[in-house]
Amino acid sequence: MRLRALLETDALGLRLLGGEDELDRTVRGVMTTDLRDPSRYLSGGELVLTGLAWRRDAADSEPFVRILAGAGVAGLAAGEAELGDIPADLVKACLHHRLPLFAVHETVAFATITEHVVRQVSGERAGDLAAVVDRHRRLMTSGPAGGGPEVVLDLLTSDLDLRAWVLSPTGRQIAGAGTPLPGPLGAALAGHHLGATRTGRRGPYRAAVAGTTYSLFPIRNTGRGAVPAARDVRESVLSDWLLAVEADASDWPAARLDLLQGVTQLIAVERDRRDAARTVRRRLAQEVLELVQAGAAPAEIAARLRVAAPVLLPGLGVAPQWQVVVARVDWSASGQGAAAGDIASGPVAQALLEEILVDPAVSGPDSADRIAVAHTGEEAIALVPLPTVVTVPAESGEGDAARAAVEDADALAGEPGLHADALLASVREPLSAGLADDGRLTLGVSAAVHSAEGLRGALEEARHARRVAAARPGRVCAAGHHELASHVLLLPFVPDDVRRAFTARLLDPLRDYDRRHRAELIETLEAFLDCDGSWTRCAARLHLHVNTLRYRVGRIEQLTGRDLSRLEDKLDFFLALRMS
């Protein structure tokens, strides 16, 4: 269709501000954007719709219009809802670059114009597969009319009768049209995709699962402005999305294959947008990590956490608990590609850890918006906030006693947060395929800490747990902080810092409680063990009533999660006290 036809359509209410001589330009699509430089999403022939949010002052109009004209767009339509009258500097810039400019009345929605253009263009190109890609392109934008991957997949279903899903490298559904893909099926398809990618074959890959054939298309942005391709497939295999189509593409004509490749390019735009959105969270995690590793004062770390909390926990006005997760991807020597030592494993582990920490039952590209992951060297380190579950109302007036009751309730309710085994339960199969015979993923999880002062210990604890995981067989292994508090590890060859982590895990909660309440729990524990768990002898040694002793021992068990009637827990406490 031509621009003149849009102007003559009364329902659209467009008003021409300049470019009368250019109204015979052909419109091939439509794009909504408020980016200052949308060139990477333009292919020429679009009617560009904008709400002018990119314009800060008069000097912004000239470069914006120059970019549009250079990309060969058909025309520009600016909404009046934000600024009222269209700025004179924008009119002047469009006249200079011979770009037709329309004003969109505030009562007309961009979606109305978009649907009209799409309907007309599709009608004129009926039967032409390229028309479908044009319809997708206008939806894959960062503007308010952007539809995201779901709309692209809906159009694949309606135009080509293809059911398709966008999956993460672990098989989690990012987007889909119609019925969601079952989790095990997504994991199986992701495993097929990762395994085929590691062989070096070009996509799409054919996979048969449960009697159904699927075609798996890699999603990578190879267009203008794309990140340079990895020199070794191992640098990207564990982070790339894939498009799974319920069909056998092996006998498709070239035109249809080209169409699907074009669709993957459009979805790659959404992937880039997701990565850009994570930049702030990654930077916050990096800043906190640098302070923790540099031994900064807890007050300085706490101040940085107060900045991070609103970003990671929007809408919550309480300070969360924090948990640290450390991951590392190691590659052995391989006959293909770069040497194992030359592969930048830190960014790979960072992207992978961001995916692993997402609840596998949650779909969508933005479901990791409360996860901050940094990387240092070959490690990826996640700072995971845990919202405070139990709070004391300000009007309770119970002061320290109320807070102590909350602490006791937390201890009795079980330990909050992430658990190492659960993190890998649904992702072990696909990741093992991607790691193949030369890669390993090891992961360690710390206990939850309640303050900035505990973050350094949590980081070391997670690192030690990861080393425990690395000592195990298998391609994908994890260990939690609980495994650092077992006397099995306390052998002569265990490093001193691991021993310190062991004793801190068991005794620090008691020391902290003693410091706040003068409860003498450490002294009580030592006496109880020395008396071989005899209530009467221990009470007599401490000059306490037996009921008071039972209360103290109960408090020790609540704070540490241990049971002093069990031989194993008695032994752990005994070793911790001797090494402290």
Side-chain angles (χ1 to χ4, degrees), residues 166-174 183-184 186-191 193-194 234-242 271 274-275 277-278 281-282 285 289 312 322-331 345-376 378-386 416-436 439-446 448 458-459 461-463 465-470 472 474-481 483:
V166 179
L167 303 178
S168 77
T170 65
R172 183 176 62 87
Q173 181 172 315
I174 303 294
L189 291 176
H193 176 262
L194 292 173
R234 290 174 290 182
E235 293 184 348
S236 61
V237 65
L238 297 178
S239 59
D240 285 341
W241 288 356
L242 67 135
R271 173 62 188 268
R274 191 285 306 263
D275 285 342
R278 286 186 172 180
R281 297 192 297 276
R282 286 175 170 177
L289 174 62
L312 301 177
W322 300 92
Q323 206 166 2
V324 176
V325 182
V326 173
R328 178 171 174 141
V329 176
D330 292 291
W331 303 101
S345 296
V348 176
Q350 181 183 41
L352 187 56
L353 187 53
E354 286 172 335
E355 172 62 29
I356 290 173
L357 292 175
V358 179
D359 184 343
V362 177
S363 64
D366 296 324
S367 51
D369 61 354
R370 292 185 177 181
I371 299 167
V373 183
H375 72 83
T376 174
E378 301 303 306
E379 284 183 336
I381 300 170
L383 185 66
V384 183
L386 306 174
L418 306 171
H419 297 274
D421 292 337
L423 281 178
L424 298 181
S426 63
V427 302
R428 193 181 305 274
E429 177 185 348
L431 293 185
S432 295
L435 293 163
R440 290 201 72 205
L441 167 67
T442 51
L443 184 146
V445 182
S446 80
L459 174 58
E461 191 171 57
R463 281 175 166 162
R466 192 204 65 77
R467 294 188 188 109
V468 171
R472 296 171 175 167
R475 291 293 168 191
V476 181
C477 298
H481 57 87
E483 299 178 65

Fill in: side chain to side chain contact (heavy atoms under 4.5 Å, CB included) evaluation trace for H375 with I381
CA-CA 6 Å; H375 72 83; I381 300 170; over 6 Å; no
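- Minimum heavy-atom separation, A327 to L441: CB-CD1, 4.3 Å.
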Practice prompt. Assess whether side chain to side chain contact (heavy atoms under 4.5 Å, CB included) is satisfied between L435 and V476, documenting all intermediate values.
Written response: CA-CA 9 Å; L435 293 163; V476 181; 3.7 Å; yes
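- With Q350 contributing its side chain and V373 its backbone, the two residues share a donor-acceptor pair below 3.5 Å.
- Residues G434 and W331 approach most closely at O-CH2, 4.3 Å, considering heavy atoms.
- Heavy-atom minimum distance, G186 versus L167: O-CD1, 4.0 Å.
- The heavy-atom pair separating R466 from V326 by the smallest distance is CD-CG1, 3.9 Å.
- The shortest side-chain heavy-atom distance between V324 and V445 does not fall under the 4.5 Å cut-off.
- S239 places no side-chain N or O within donor-acceptor distance of the main-chain N or O of A351, the cut-off being under 3.5 Å.
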Worksheet item: Should V237 and V348 be marked as a side chain to side chain contact (heavy atoms under 4.5 Å, CB included) after you check the CA-CA gap, both sets of side-chain angles, and the distance that decides it?
Response: CA-CA 9 Å; V237 65; V348 176; over 6 Å; no
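- Within the 3.5 Å criterion, the main-chain N or O of V329 finds no donor-acceptor partner in the side chain of R440.
- One finds the OG atom of S345 at 6.5 Å from the CG atom of D330 (value rounded to the nearest 0.5 Å).
- Donor-acceptor pairing under 3.5 Å is lacking for the side chains of Q323 and S446.
- Across all non-hydrogen atoms, the minimal contact from I356 to L423 is CG2-O, 3.8 Å.
- Of the inter-residue distances, the one linking L431 atom CG with E355 atom CD reads 8.5 Å to the nearest 0.5 angstrom.
- Using modelled atom types, one finds no donor on one side chain facing an acceptor on the other under 3.5 Å when comparing S432 with R475.
- The CG atom of L352 sits 9.5 Å away from the OG atom of S168 when rounded to the nearest 0.5 Å.
- For the side chain to side chain contact (heavy atoms under 4.5 Å, CB included) with T170, the lone residue among L194, V427, L238, L424 that qualifies is V427.
- Taking a cutoff of 4.0 Å between a charged side-chain nitrogen and a carboxylate oxygen, R282 and E354 qualify as a salt bridge.
- The nearest pair of heavy atoms linking P169 to A190 is O-CB, 3.5 Å.
- The closest side-chain heavy-atom distance from W322 to V384 is not below 4.5 Å.
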Fill in: side chain to side chain contact (heavy atoms under 4.5 Å, CB included) between L242 and V166, intermediate numbers included
CA-CA 6 Å; L242 67 135; V166 179; over 6 Å; no
